[in-house]
Amino acid sequence: MDKNSRISGFHKLGIKGRLAAVQSFSQLDEQTVTLYENTGNLPAELADHLIENVIGTMNIPVGIATNMKIDGEDYLIPMATEESSVVAAVCNAARQCYDSGGFTTSMSGSLMIAQIQLVDIPNPEYCRTIILESKEKIKAICDECDPILVKFGGGFQDVEVRVIDTPSGVMVVTHIIVDTKDAMGANAVNTMAEKLAPHIESWTGGKVYLRILSNLADKRVARARAIWTCEAIGGESVRDGIISAYHFANFDPYRAATHNKGIMNGVSAVVLATGNDTRAVEAGAHAYAARKGCYRSLTHWEMDKQGNLVGSIEIPLAVGLIGGATKLHPMAKANLTILGVKTANHLARIIAAVGLAQNFSAIKSLATVGIQKGHMSLHAQNIAMMAGAVGDEIDKIAQILVTKSLVRIDVAQEELTKLRALG
Ligand SMILES: CC(C)(COP(=O)([O-])OP(=O)([O-])OC[C@H]1O[C@@H](n2cnc3c(N)ncnc32)[C@H](O)[C@@H]1OP(=O)([O-])[O-])[C@@H](O)C(=O)NCCC(=O)NCCSC(=O)C[C@@](C)(O)CC(=O)[O-]
Ligand SMILES: NC(=O)C1=CN([C@@H]2O[C@H](COP(=O)(O)OP(=O)(O)OC[C@H]3O[C@@H](n4cnc5c(N)ncnc54)[C@H](O)[C@@H]3O)[C@@H](O)[C@H]2O)C=CC1
């Protein structure tokens with residue numbers, strides 16, 4: 001019989017019913033079904049409420065970044081990632097700037113932006129003025145939507161109005177700027193934008209289409225900086241190589257994409273470990289990197305007057321401690337306990353420091369021995385497992401691959417056969 005993915009009411013079946021339907025559709029064996037049934041540290045019932053059409057959960061390793069000194073305090077930082085060498089890279093970078101003070105961080109604030117798109121406007125500048133002069137009314141409408149946020153010192157802060165010319169005609173785009181405090185704030189500001197929209201229509205006579213937050217959270221920017229002495233990193237040529245790698249990224253979008261991907265290896269891992277929205281942070285980071293019309297590096301690498309390497313990062317970080325999965329996922333709560341953060345801004349500053357550390361290690365490797373040496377020697381364990389190695393065999397085979405500088409699955413299989421033949 002032909003497979004049919006049109007399953008009306010799939011969402012009403014419950015986890016067991018859905019899994020049975022998938023088992024029959026995909027001919028899953030019992031062992032595979034058991035994998036879905038074991039939801040590990042996320043109870044099935046909770047998973048079923050977090051997203052839709054749940055059939056199971058999927059574990060991602062959580063590793064701890066050590067050596068992190070941030071604003072004079074030491075932290076252990078949980079990172080959730082499937083990629084080898086990412087956690088090691090942060091530990092390695094932090095080790096090399098620990099004695100020169102670690103990371104210093106700051107935050108621009110916790111302001112989020114929601115946009116309201118207004119069309120059918122023959123007099124956009126006139127309407128812009130009408131909206132701007134309605135600031136007090138806008139504040140009242142927005143704050144009424146979220147008394148809890150206001151109670152915690154947040155709520156509406158400002159309004160900005162932009163006129164943009166598009167192939168669909170002129171649009172008047174209202175930005176409401178809201179302090180969302182310890183929430184990431186997407187739902188909070190979306191509610192306000194939807195509530196405000198009909199008022200904007202009635203004040204201007206235009207038509208509103210979209211009412212949604214902007215992920216270009218450029219009023220919620222985290223900054224981190226650190227000093228690496230030449231002595232700690234292996235000399236002046238290493239420093240110069242890192243600065244040159246930065247210039248390459250800053251002036252070539254093909255390189256910048258990979259450079260920033262390396263930064264996001266660290267950033268997204270902490271965002272995920274704390275139950276925050278990785279897509280929101282990633283979209284914001286990449287849009288911010290392109291804000292000056294050309295896609296550039298999120299970090300900056302320079303030499304100070306003493307000849308030290310100095311690095312800095314500036315990245316929008318819309319993360320929260322309230323809302324989304326942060327308060328619900330038991331592992332997100334546990335990871336936040338390890339971090340010991342008290343505010344969303346505190347978390348964002350830590351994440352910025354991790355991004356900077358990650359970038360240091362990646363470009364240091366790239367500018368010196370190459371990425372394969374460190375990354376591939378750790379990745380060798382994955383290759384060994386893919387070749388079928390288990391238990392003690394994994395380390396033994398990985399070691400052979402690294403020694404031979406041949407981190408390949410066919411070589412791993414050959415070596416595994418030899419190892420097993422030896423008994
Ligand atoms: C891999 C290392 C750290 C080895 O670095 P190493 O210098 O060979 O290691 P080491 O054995 O001398 O140890 C130095 C320190 O590194 C850490 N370290 C060392 N090994 C481990 C480990 N197994 N587990 C945890 N931590 C580890 C640890 O902190 C250790 O200090 P210690 O604890 O001994 O006092 C280094 O080569 C490195 O930092 N490489 C960069 C790796 C990297 O960037 N990975 C990201 C994935 S690649 C990618 O996706 C992004 C990229 C590269 O394309 C981005 C871009 O292009 O910009
Ligand atoms: N484009 C995007 O990025 C979008 C993201 N989302 C999702 O929205 C979720 C985040 O939305 P939120 O509004 O943060 O979550 P939320 O609506 O679950 O919780 C935020 C609310 O918590 C209350 N609150 C209690 N204590 C607070 C405190 N100390 N500080 C601030 N608020 C406090 C406030 O009423 C606030 O509005 C995430 O799951 C995200 O994935 C949703 C739509 C679009």
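For reference, positions follow the sequence shown, starting with 1. Note that ligands are numbered from 1 as they come in the structure, with each ligand's atoms numbered from 1 the same way.
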Quiz item: Sub-3.5 Å donor-acceptor pair from the side chain of Trp301 to the main-chain atoms of Ala245, do we have one?
Solution: no

Quiz item: Which residue and non-hydrogen atom of the protein lie closest to atom 53 (C) of ligand 1, and at what distance in Å?
Solution: Ile371 CD1, 3.4 Å

Quiz prompt | Subset of ligand 2 atoms that lie under 4.0 Å from at least one heavy atom of Asp277 | solution = 3 (O), 5 (C), 40 (C), 41 (O)

Quiz item: Purely on distance, is any nitrogen or oxygen of Asn190 under 3.5 Å from one on ligand 2?
Solution: no

Self-check item: ligand 1 contact by Lys364, heavy-atom criterion under 4.0 angstrom
Solution: no

Quiz item: Which residue holds the protein heavy atom closest to atom 47 (C) of ligand 1, what is that atom called, and what is the gap in Å?
Solution: Glu83 OE2, 3.3 Å

Quiz item: Taking atom 4 (C) of ligand 1 as the point of reference, which of Asn92, Thr81, Val90 owns the nearest heavy atom?
Solution: Asn92

Quiz item: Do Glu415 and Lys418 sit within salt-bridge range, that is, some charged N less than 4.0 Å from a carboxylate O?
Solution: yes

Quiz item: How does Ser365 reach ligand 1, by side chain, by backbone, by both or by neither, if only non-hydrogen atoms under 4.0 Å count?
Solution: side chain

Self-check item: Nearest protein heavy atom under 4.0 Å from atom 26 (N) of ligand 1, yes or no
Solution: yes

Self-check item: Ala188, any N or O under 3.5 Å of ligand 2 N or O
Solution: yes

Exercise. From atom 12 (P) of ligand 2, work out which of Gly185, Ala325, Ala280, Gly323 has a heavy atom at the shortest distance.
Key: Gly185

Quiz item: Should the proximity of Leu378 to ligand 1, defined as any heavy atom under 4.0 Å, be assigned to the side chain, the backbone, both, or neither?
Solution: side chain

Practice problem: Please confirm whether Leu366 comes under 4.0 Å of ligand 1, counting heavy atoms of the residue only. | Solution: yes

